[in-house]
Asker: 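Here it is, the structure, as structure tokens.
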Amino acid sequence: MLIVSLLSDFGTSDSYVAEVKAVLLSQSPSLVLVDISHQVAPGDVRAAAFLIERTWWRFPPGTVHLVVVDPGVGSERAALAIAFRDHFFVGPDNGVFTFLLGDPGARIASLPIPPDASPTFHGRDLFAPAAASLANRGWFPTLGQEPPSKEPHRLVRAEPRLEPKGWSGEIIHIDRFGNLITNLSTKNVPITALLSIHSEPGIPIVRTYAQVPVGTLLAYGGSGGTLEIAVREGSAAERLKAKVGDRVLAQQER
Amino acid sequence: MLIVSLLSDFGTSDSYVAEVKAVLLSQSPSLVLVDISHQVAPGDVRAAAFLIERTWWRFPPGTVHLVVVDPGVGSERAALAIAFRDHFFVGPDNGVFTFLLGDPGARIASLPIPPDASPTFHGRDLFAPAAASLANRGWFPTLGQEPPSKEPHRLVRAEPRLEPKGWSGEIIHIDRFGNLITNLSTKNVPITALLSIHSEPGIPIVRTYAQVPVGTLLAYGGSGGTLEIAVREGSAAERLKAKVGDRVLAQQER
Amino acid sequence: MLIVSLLSDFGTSDSYVAEVKAVLLSQSPSLVLVDISHQVAPGDVRAAAFLIERTWWRFPPGTVHLVVVDPGVGSERAALAIAFRDHFFVGPDNGVFTFLLGDPGARIASLPIPPDASPTFHGRDLFAPAAASLANRGWFPTLGQEPPSKEPHRLVRAEPRLEPKGWSGEIIHIDRFGNLITNLSTKNVPITALLSIHSEPGIPIVRTYAQVPVGTLLAYGGSGGTLEIAVREGSAAERLKAKVGDRVLAQQER
């Protein structure tokens with residue numbers, strides 16, 4: 001089975017996702033299409049980067065990941081195809097694939113723009129055909145220019161810092177439950193640390209929600225490998241009026 | 001074809017649904033994945049119970065239903081696998097499968113928790129692998145502990161009561177159209193009854209929307225087998241400020 | 001591969017889409033199901049007509065398009081099956097297929113209503129079984145009454161008019177990004193025209209977003225073949241408080 005995952009800011013009220021899927025299936029009828037999300041906020045490349053980095057490697061080898069959050073569509077920004085650890089990635093050169101760009105094992109090509117492509121919908125007219133080709137044929141010599149003439153764009157990523165008081169990081173994603181996902185790795189922060197955010201000084205790290213009373217703030221090693229802050233059966237985002245980028249400090253308990 | 005249906009409160013903005021699907025497809029690439037819904041309100045087990053009871057039996061025999069609304073994830077609550085009338089069900093023991101628990105034909109096992117499972121994402125690390133195994137192999141001896149050591153949890157369900165004035169029931173679901181779905185069976189309530197809710201005293205039962213003028217309240221035997229209250233080309237939920245649990249009375253017309 | 005595309009106003013919070021899919025897969029387990037959208041506003045036939053006209057032809061030949069926005073369900077309105085340019089269409093006779101009704105190549109049949117169909121859910125009980133049959137067997141003699149006894153219903157479509165000042169059209173869709181999609185064809189309006197809407201007098205036509213500064217209004221030939229108005233990295237719908245039906249004028253620049 002050849003799988004294409006789809007991640008975009010297209011929403012699900014318009015025909016855009018279906019047009020992309022129709023192009024994929026027209027070119028390769030046996031593809032299995034799996035939505036990651038189409039609810040990325042319009043143009044929010046950083047949010048898409050978070051989602052694809054977290055998700056891609058759980059798919060079977062050979063999967064093509066079509067990631068189109070593309071505010072620069074039609075401009076001079078390059079269109080990329082990437083082979084990385086038996087997976088393929090296709091999307092605009094806007095930093096969404098920053099997580100793999102440092103890796104010497106990544107093969108990167110810039111894709112030619114088909115002459116009849118809509119200047120505002122490369123997802124359908126450029127990236128979908130490229131994804132279908134990659135799914136069917138794997139990496140192929142005439143795919144594009146390899147390497148691209150310009151170094152791919154990278155997002156500056158917020159990295160946690162070890163400060164005198166403890167690890168300092170930030171919120172990198174807020175999920176549907178209002179859970180605050182930080183960039184503090186569970187490998188660095190000891191289980192005995194207390195997390196502070198805004199004026200909340202000492203949130204203990206526990207294993208799971210059920211270990212605190214309903215309505216209580218807690219922290220835990222999240223399912224993506226970093227610390228998260230939540231309210232049991234509630235929303236930490238609402239409680240703390242937290243947003244992406246807010247600072248979180250992990251202090252060693254004393 | 002092996003089908004897995006998915007029902008959760010994960011929403012579609014995060015990577016959670018895709019992570020579950022990636023695990024399913026990694027283990028069994030030929031699975032056909034069908035979303036029931038991921039828009040269940042966070043932790044609303046009762047809403048998920050309504051949706052799965054209504055939908056499961058329309059799928060082909062052999063379908064595995066993965067139902068993960070799991071506020072107790074990581075706690076002592078059991079993880080269940082169930083075989084029932086040629087279908088399989090997988091999910092936390094929180095009452096979501098109440099509709100089948102009374103049935104002597106149901107086989108129930110409690111699933112072991114994989115040692116490396118995230119304590120906050122059993123959907124991905126426990127239930128998805130179990131669902132893929134069930135889809136591929138059917139019920140198998142080493143699946144888990146059968147029966148579970150603890151009687152599975154049941155929701156107390158609102159049952160309609162025959163009162164002197166007529167059948168008394170309640171709203172059990174409000175759909176996207178603002179239609180109010182009650183628990184009053186069309187088998188019990190005569191077609192000549194009048195429904196009352198809040199201060200609306202005599203809503204007649206008709207066959208379909210088109211039998212009343214636009215903007216008018218009506219009742220009808222709904223597509224799930226119970227009475228519903230709607231406004232033609234409008235929202236009964238908005239009109240009546242109704243919510244799940246509100247009482248509905250079916251009085252015999254005189 | 002046999003593909004069924006699905007377009008409805010069912011939303012994704014209820015079980016309705018899944019019930020339709022379960023019926024399709026029960027009748028024909030190898031179908032590939034592709035959602036166009038289920039977020040059409042309740043009963044908005046015109047919006048569904050826009051989406052299906054734009055999308056259907058990108059799918060492979062043989063695709064069945066199941067389009068159920070059906071405020072007249074259960075009334076006397078006919079149920080249609082249509083064969084048109086190697087595609088099939090199934091849905092209520094409410095004008096949603098207006099775009100193809102004028103074509104002499106379209107074969108049209110009215111479908112019988114199964115006696116046990118829910119009077120409020122023909123999507124599941126009538127159209128889904130018909131779609132599965134069409135996907136499997138193609139057009140078949142006993143499908144229904146061909147042609148229907150009544151001429152299919154047509155929507156009156158807003159056509160652009162050439163006025164002394166230039167082409168006059170209107171907004172026919174607003175997408176997730178707040179882009180305003182007009183009915184002004186890029187074939188008629190010269191690239192040098194200026195678009196005016198509300199009190200905005202002279203919006204220039206450019207190739208793509210990146211050609212104007214962030215926050216600026218622009219017009220461009222959209223991916224559906226008509227002119228669109230947008231705000232770069234913003235929402236034209238919000239900026240202009242625009243809605244479907246608002247008039248747009250394309251004046252020749254002087």
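Residue numbering restarts at 1 for every chain, and letters A, B, ... go by the order of the sequence lines. Everything quoted here is computed from the prediction, not taken from an experiment.
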Asker: Against chain A, label B/Ser118 side chain, backbone, both or neither, depending on which of its atoms sit under 4.5 Å from a heavy atom there.
Answerer: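 When you check distances to chain A, only side chain atoms of B/Ser118 fall under 4.5 Å.
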
Asker: Name the region of A/Leu6, side chain, backbone, both or neither, that has any atom closer than 4.5 Å to a heavy atom of chain B.
Answerer: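 It is neither, since no heavy atom gets under 4.5 Å.
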
Asker: If I measure from the heavy atoms of chain A, does B/Arg124 come under 4.5 Å with its side chain, its backbone, both, or neither?
Answerer: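 Only the side chain of B/Arg124 comes within 4.5 Å of chain A.
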
Asker: Could you tell me the separation between the CG atom of A/Asp35 and the CG atom of B/Asp35, rounded to the nearest 0.5 Å?
Answerer: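 Answer rounded to 0.5 Å: 8.0 Å.
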
Asker: Using heavy-atom distances under 4.5 Å, tell me whether B/Ala128 contacts chain A through its side chain, its backbone, both, or neither.
Answerer: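 For B/Ala128, neither part sits under 4.5 Å from chain A.
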
Asker: Would you check if the side chain of B/Ser75 reaches a backbone N or O of A/Ala210 as a donor-acceptor pair within less than 3.5 Å?
Answerer: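 No; zero donor-acceptor contacts below 3.5 Å.
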
Asker: Quick one: what part of A/Tyr220 sits under 4.5 Å from any heavy atom of chain B, side chain, backbone, both or neither?
Answerer: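 The side chain, not the backbone.
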
Asker: Decide yes or no for B/Tyr16 and A/Arg54: does some side-chain heavy atom of the first lie under 4.5 Å from some side-chain heavy atom of the second?
Answerer: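 In short, these two side chains touch, coming nearer than 4.5 Å.
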
Asker: Please report the shortest heavy-atom distance between B/Ser15 and A/Leu51, naming the atom on each side.
Answerer: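 Closest pair (atom of B/Ser15, atom of A/Leu51, distance): N-CD2, 3.6 Å.
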
Asker: Does any heavy atom of chain A fall under 4.5 Å from the side chain of B/His38, the backbone, both, or neither of them?
Answerer: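 The answer is the backbone of B/His38.
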
Asker: With the side chain counted from C-beta on, respond yes when B/Phe10 and A/Asp175 share a heavy-atom pair under 4.5 Å apart, and no when they do not.
Answerer: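 Not in contact.
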
Asker: Any chance the side chains of B/Ser13 and A/Arg176 put a donor and an acceptor closer than 3.5 Å?
Answerer: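 A/Arg176 and B/Ser13 do not have a side-chain donor-acceptor pair below 3.5 Å.
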
Asker: Using heavy-atom distances under 4.5 Å, tell me whether B/Val73 contacts chain A through its side chain, its backbone, both, or neither.
Answerer: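 Both parts, backbone and side chain.
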
